[in-house]
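Have a look at the structure below before the remarks.
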Amino acid sequence: MKHVFAIILALSTGFLMAPRAIAEDIAFLVVNSFYQHHPDPRSNRALLSLVPHLEDAGFTVVTYRNMDSNTMASRMSQVRRRLDGAGKRIIIVAGHIVRNQRDSWLLLTDAAKPDGFQIGRFGLPLGEIKDIAEANQGNTVLVVVQSPDRINTGPGFWHGYTAVEVPQGVTVITGEAGPVSGYIANEVLLPGRVLRKTRSNLPDSVRVGGFLPRDAPFIAAAVPGNDFGATADRNFWQQAQAFGSLEAFQEYLQRYPNGIFAQEARQRVQDLTLTPQDQARIAEDNLNLSRDQRRAIQRHLTLLGFDTRGADGVFGRRTRKAVGQWQNSIGVNATGHLNANQISRLQHAAAIRAEELRREAERRRQEEERRDRNYWSRTGAHGTEEGLLAYLQRYPDGLYSTEAQDRLSAIEREKRRQARAAERQAWDRAVIAGTIQSYQRYLNEYPNGRFVEEAKARIQAMSHPETPPDVVEAAKSEEGRLNLNLVTRQLIEGQLKRLGLEPGPADARFTRETRKALRRFQRSANLPVTGYVTQETIVLLLASVVEN
């Protein structure tokens with residue numbers, strides 16, 4: 001630590017043979033007030049009046065008026081390198097801004113209607129601007145001015161700017177061009193003005209957020225005369241920032257406990273002493289996620305195969321473990337806490353997985369229906385009792401199950417008409433009991449009776465059910481525990497109907513048709529076929545509904 005102190009002291013007082021050059025302060029403006037395919041936001045030209053104010057404040061000003069795609073392609077890499085080496089930075093972007101679920105873009109002047117394949121060429125990505133701003137925390141002001149005129153956006157895009165994640169250590173200003181220009185000229189660039197204290201007097205359309213130190217101004221107050229102490233303070237602080245280490249900021253506070261930048265130095269020390277786990281927890285806490293947003297995150301994790309043990313909106317031990325496992329899978333630090341960028345990536349991955357599952361379920365359903373039709377043509381389509389029973393034994397909820405049941409009912413009615421009264425009564429008793437023993441008793445009494453084939457078929461079906469009874473009973477109990485409300489039941493019925501599974505009316509009553517549709521869906525989704533709603537059934541069935 002003494003070694004660090006010695007180096008900083010030498011740099012701050014000019015005692016080294018080759019002192020470090022002080023980085024220039026840069027203001028970077030992209031002001032678009034003319035568009036080839038969209039309304040012209042001419043009011044943005046008010047921002048150009050800031051150029052002399054910025055120059056008077058000591059900034060080197062780099063201005064691009066009406067930037068098009070060719071200018072961005074040829075100049076932005078050079079601009080970024082220059083900004084990376086700057087001291088204080090003011091970055092202003094103004095024009096038509098669009099966004100999707102992943103990022104926001106300032107449309108360039110030759111951009112047409114935004115779409116996902118062209119936006120990278122015809123839009124300046126504000127996510128990259130945010131990264132540039134974050135690279136010099138505590139010394140950057142980011143200004144975003146959105147044109148008030150709405151434009152026609154393509155699928156998946158929305159008009160307007162929404163900061164998915166406020167850049168760390170960066171002051172963010174948004175609003176209309178005229179009021180923003182006045183605020184920057186009269187407040188931000190005024191030496192000694194503390195921005196946190198100006199928020200109560202902001203113009204109506206101007207918003208200021210992000211990093212706002214309690215005491216330190218963005219532009220240091222002018223020092224009268226040749227005050228060596230204040231100059232040394234500023235030089236020492238510049239070099240502490242250049243090192244950027246915990247020891248450097250601690251050395252500054254030790255030498256200048258009440259210095260010009262003491263408050264900011266204490267904040268930097270606090271940030272650097274936090275563990276990655278603490279930083280991740282604080283970042284997630286600052287998002288203020290609602291209960292519904294947390295439930296959505298749990299559903300997304302479950303959909304991707306990371307079990308959260310339910311979607312109750314409470315991030316307990318199991319959810320944190322699932323988050324960490326997902327973070328490991330994408331190659332980031334497994335803290336168990338999420339930031340805004342990771343939530344966006346999780347949502348995108350879940351949407352892709354939901355679509356994969358939907359397509360797979362649709363493929364299985366089509367294949368199952370093809371087999372269903374083929375088997376029907378070989379069995380039930382001939383209208384014989386044996387064929388109808390064979391079809392229903394294999395496809396109890398099949399495409400032709402209703403028709404097969406109706407035909408069997410007609411055959412049974414005819415048999416009942418022809419059967420002797422005693423045999424008919426014996427068969428009725430067997431049907432009412434509905435057990436293997438009751439049907440076997442009928443066979444013993446009437447080995448050549450008219451209902452022999454149906455009795456044998458029912459014994460076969462009950463002896464070898466598609467799903468074990470204990471699995472069905474467990475699913476029934478799980479549905480009861482889920483305590484599905486009216487809206488969720490109607491949502492389930494509506495999704496089954498959209499999939500063409502014929503669940504009956506969406507009246508929140510799970511009828512025989514609804515259970516049949518659920519079993520058909522569970523077969524196509526490769527789930528246990530029970531006809532009851534389980535947590536896994538909800539996740540797979542409603543995945544596309546949740547994402548949309």
Side-chain angles (χ1 to χ4, degrees), residues 11-14 20-29 46-63 83 85-92 133 136-143 145 167 169-175 177-203 206-242 249 252-253 255-268:
L11 287 169
S12 65
T13 56
R20 185 189 199 100
I22 298 176
E24 66 176 340
D25 298 335
I26 294 181
F28 172 56
L29 288 74
L47 293 164
L48 299 174
S49 66
L50 286 172
V51 172
H53 295 281
L54 291 164
E55 291 175 341
D56 289 345
F59 285 85
T60 300
V61 182
V62 179
T63 305
L83 286 171
K88 291 188 180 297
R89 297 178 297 181
I90 295 180
I91 302 174
I92 300 176
N136 194 3
Q137 298 178 18
N139 288 297
T140 301
V141 172
L142 173 61
V143 182
V145 175
V170 176
T171 303
V172 179
I173 302 174
T174 59
V180 165
S181 299
Y183 175 73
I184 293 174
N186 298 321
E187 299 290 350
V188 177
L189 298 178
L190 191 65
R193 186 57 56 95
V194 177
L195 300 185
R196 178 183 288 271
K197 299 177 181 179
T198 69
R199 290 191 297 178
S200 59
N201 299 320
L202 284 174
V206 179
R207 297 291 180 270
V208 179
F211 177 68
L212 294 170
R214 293 185 180 276
D215 300 309
F218 183 66
I219 304 295
V223 181
N226 187 16
D227 189 337
F228 175 78
T231 302
D233 184 333
R234 285 193 298 274
N235 289 342
F236 202 103
W237 173 248
Q238 282 188 341
Q239 299 307 326
Q241 284 186 306
F249 294 118
Y252 173 85
L253 286 171
R255 185 168 181 83
Y256 298 104
N258 299 311
I260 300 171
F261 308 100
Q263 181 66 28
E264 188 173 349
R266 291 187 183 95
Q267 182 63 50
R268 298 297 296 274

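Sequential numbering from 1 along the given sequence is applied to the chain's residues. On a predicted model such as this, the values are computed, not experimentally measured, just so you know.
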Task: side-chain contact (heavy atoms from CB on, under 4.5 Å) assessment of Leu142 paired with Thr171 - done: CA-CA 6 Å; Leu142 173 61; Thr171 303; over 6 Å; no

Quick one: side chain to side chain contact (heavy atoms under 4.5 Å, CB included) partners of [X], sequence neighbours excluded?
X	result
Arg207	Thr174
Ala46	Ser181
Pro179	Glu176, Pro203, Ser205, Val206
Leu190	Arg193

Taking atom [atom1] of [X] and atom [atom2] of [Y], what is their separation to the nearest 0.5 Å?
X	Y	atom1	atom2	answer
Arg268	Leu253	CZ	CG	11.5 Å
Gln263	Asn258	CD	CG	11.5 Å
Ile91	Ile26	CD1	CD1	9.5 Å
Tyr256	Arg234	OH	CZ	10.5 Å

Open item on the list: Main chain of Lys88, side chain of Asn139: is a donor-acceptor contact present, judged purely on distance under 3.5 Å?
Closed with: no

State, with a plain yes or no, whether a side-chain heavy atom of [X] is found less than 4.5 Å away from one of [Y].
X	Y	result
Asp25	Ile90	no
Ile184	His53	no
Val208	Leu202	yes
Thr63	Val51	yes

Open item on the list: One pair to check against side-chain contact (heavy atoms from CB on, under 4.5 Å): Leu195 and Tyr183. What are the steps and the verdict?
Closed with: CA-CA 10 Å; Leu195 300 185; Tyr183 175 73; 3.9 Å; yes

Task: Heavy-atom pair of closest approach, residues Ala57 and Leu189 - done: CB-CD2, 4.2 Å

Open item on the list: To check you understand the geometry: which heavy-atom pair defines the closest contact between Val145 and Ala177, and what is its length?
Closed with: CG1-N, 3.7 Å

- [ ] Tell me, with the steps shown, if Val141 and Val170 meet side-chain contact (heavy atoms from CB on, under 4.5 Å).
- [x] CA-CA 6 Å; Val141 172; Val170 176; over 6 Å; no

Task: Working for side-chain contact (heavy atoms from CB on, under 4.5 Å), residues Glu264 and Gln241 - done: CA-CA 11 Å; Glu264 188 173 349; Gln241 284 186 306; 4.0 Å; yes

TODO: Sequence neighbours left out, what passes side-chain hydrogen bond (donor to acceptor under 3.5 Å, both in side chains) with Thr60? Give chain and number order.
DONE: Glu24

TODO: Sequence neighbours left out, what passes side-chain hydrogen bond (donor to acceptor under 3.5 Å, both in side chains) with Arg89? Give chain and number order.
DONE: Thr140

TODO: Run through Val61, Val188, Ile92 and flag the one making a side chain to side chain contact (heavy atoms under 4.5 Å, CB included) with Leu50.
DONE: Ile92

- [ ] Evaluate the ring planes of Phe236 and Tyr252, with Trp represented by its six-membered ring, and classify them as parallel (under 30°), tilted (30 to 60°) or perpendicular (over 60°).
- [x] tilted

Open item on the list: Can you list everything that forms a ring pair (Phe, Tyr, Trp, His ring centres under 6.0 Å) with Phe261? Sequence neighbours excluded, please.
Closed with: Trp237

